[in-house]
Amino acid sequence: MGVERVEVVIAPKPEGTIPDEFIRSENEQPGITTVHGKVLEVPTIDFSDPDEQKLIRQIAEASRNWGMYQIVNHDIPSEAIRNLQAVGNEFFELPQEEKEAYAKPLDSDSMEGYGTKLFKEFSDGNVTKKGWVDHMFNKIWPPSVINYRFWPKNPPSYREANEEYAKHMHKVVEKLFRLLSLGLGLEGQELKKASGGDDLIYLLKINYYPPCPRPDLALGVVAHTDMSIVTILVPNDVQGLQASRDGHWYDVRYIPNALVIHIGDQMEIMSNGKYKSVLHRTTVNKDKTRISWPVFLEPPADHVIGPLPQLVSQENPPKYKTKTYGEYVYCKLNKIPQ
């Protein structure tokens, strides 16, 4: 296989132990760094509210002050979410050799396919640290960028469920970008246009976090901000998402069928710092598998992103460099200063 998957590597370990490469440093270990007994109430926004001015204000305030919020009454049918989750779950329950047929090639520049490693992993002494997670990436929109080579044929309804979810996601994306744009005092289409317009890519990731004997020591995904413009996520019902608030880590309350919105790095850049990308991480569970389905809304790799000219002035100069999204991703994944 060439690459060790978390699902495989944990199987032979004695009960109550995990390999050293999964044990985080003390300043990262969730058992030490989580504020226990308190759930973070990030803003919850009713996306169907007929008062558009109120909705613009709520979205803008949450994007400025939190960088993360949950939207309810968003018109994606609960059945479409259930089907998306069902086929993702079924894929990860397949025998290992079936999953490896969709593995991301080691020499690929694309993120697509089944994999384990994403960010450049760092060494602590002689041990390279890893996250307690396997994943699957698929581009689900627009049709011109879809590569069905990495879409599982089993379960047979995988393609249908993902295409149906993408179809419903369009309306949410259009409305959210419009509200975010108006919240910055821009015309409604400005942010979508600056993000690549109709070439905006929907990159779906399935994060699969198997049960972990020592959830106090390991992390599924380490603390990070998303590279995307915006991320729209649905998790299963196993707690795991944490956000950093005032220098402390809190569990984020799970709301069934809500969409969790993360402001990504590119939105922070385009807004020249008015909207903030959110620092977050994922913990794991001792007894249950956690799975989440983020959709990263990204510009094409050659699309240039920088602070929007309308948001820059002598009094408010650009706070970020302008570069192609591909350059940004390369620097971030390889931990090169931006």
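These values consider heavy atoms only, across backbone and side chains, with no hydrogens, waters or symmetry-generated copies.
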Nearest non-hydrogen partners of [X] and [Y], listed with the distance:
| X | Y | value |
| --- | --- | --- |
| Trp293 | Asn89 | CZ2-N, 4.3 Å |
| Arg290 | Ser292 | NH1-CB, 3.9 Å |
| Asn138 | Phe150 | ND2-O, 2.7 Å |
| Leu176 | Ile232 | CD2-CD1, 4.4 Å |
| Leu182 | Glu187 | CD2-C, 4.4 Å |
| Ile18 | Ala218 | CD1-CB, 4.0 Å |

Atom [atom1] of [X] and atom [atom2] of [Y]: how far apart are they, to the nearest 0.5 Å?
| X | Y | atom1 | atom2 | answer |
| --- | --- | --- | --- | --- |
| Leu217 | Asp20 | CG | CG | 10.5 Å |
| Met267 | Leu184 | CE | CG | 7.5 Å |
| Ser181 | Leu186 | OG | CG | 4.5 Å |
| Tyr158 | Glu90 | OH | CD | 11.5 Å |
| Ile146 | Tyr202 | CD1 | OH | 11.5 Å |

| task | Please name all residues satisfying side-chain contact (heavy atoms from CB on, under 4.5 Å) with Ala161, sequence neighbours left out, ordered by chain then number. | result |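 side-chain contact (heavy atoms from CB on, under 4.5 Å) check on Ala161 returns Asn83, Val87.
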Exceeds 12 heavy-atom contacts within 6.0 angstrom, atom [atom1] of [X]:
| X | atom1 | result |
| --- | --- | --- |
| Lys288 | NZ | no |
| Gln189 | CD | no |
| Asp51 | CG | yes |
| Glu98 | CD | yes |
| Lys319 | NZ | yes |

| Partner of Thr34 under side-chain hydrogen bond (donor to acceptor under 3.5 Å, both in side chains), chosen from Gln242, His248, Gln29 |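 Exactly one option meets the side-chain hydrogen bond (donor to acceptor under 3.5 Å, both in side chains) with Thr34, and it is Gln242.
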Should [X] and [Y] count as side-chain neighbours, where that means a heavy-atom distance under 4.5 Å?
| X | Y | value |
| --- | --- | --- |
| Pro215 | Asn285 | no |
| Leu333 | Met227 | yes |
| Val234 | Gln85 | yes |
| Ser271 | Arg64 | no |
| His135 | Ile206 | no |
| Ile81 | His168 | no |

If only atom types and distance count, is the side chain of [X] paired as donor or acceptor with the main-chain N or O of [Y] below 3.5 Å?
| X | Y | result |
| --- | --- | --- |
| Asn316 | Leu311 | yes |
| Ser63 | Ile59 | yes |
| His262 | Gly264 | no |
| His280 | Val222 | no |

| Are the ring centres of Tyr209 and Trp132 closer than 6.0 Å? |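 That pair fails the under 6.0 Å test.
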| message | Ring centroids only, cut at 6.0 angstrom: are Trp151 and Tyr148 within range, meaning strictly under it? | response |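 Between Trp151 and Tyr148, the centre distance is under 6.0 Å.
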Short side-chain donor-acceptor distance under 3.5 Å, [Y] and [X]:
| X | Y | value |
| --- | --- | --- |
| His36 | Asp251 | no |
| Tyr69 | Gln58 | no |
| Asn272 | Lys274 | no |
| Lys332 | Thr225 | yes |
| Glu174 | His170 | no |
| Gln266 | Tyr328 | no |

| query | Would you say Ile229 and Val329 are hydrophobically clustered, going by side-chain heavy atoms of ILVMFWY under 4.5 Å? | reply |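 Yes, Ile229 and Val329 fall within the same hydrophobic cluster.
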| Under 4.5 Å between side-chain heavy atoms, hopping through other hydrophobics if needed: is there a path connecting Val145 to Met169? |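 Shared cluster, no.
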Should [X] and [Y] count as an ion pair when the cut-off is N to O under 4.0 Å?
| X | Y | result |
| --- | --- | --- |
| Glu52 | Arg178 | yes |
| Asp134 | Arg5 | no |
| Glu327 | Lys323 | no |
| Arg82 | Glu79 | no |
| Glu41 | Arg253 | yes |

| said: Among residues at least two apart in sequence or on other chains, which ones pass ring-ring contact (aromatic ring centres under 6.0 Å, His included) with Tyr208? | reply: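 ring-ring contact (aromatic ring centres under 6.0 Å, His included) check on Tyr208 returns Phe92.
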| Taking the six-membered ring for Trp, are Tyr102 and Phe91 parallel (under 30°), tilted (30 to 60°) or perpendicular (over 60°)? |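 Ring orientation of Tyr102 relative to Phe91: perpendicular.
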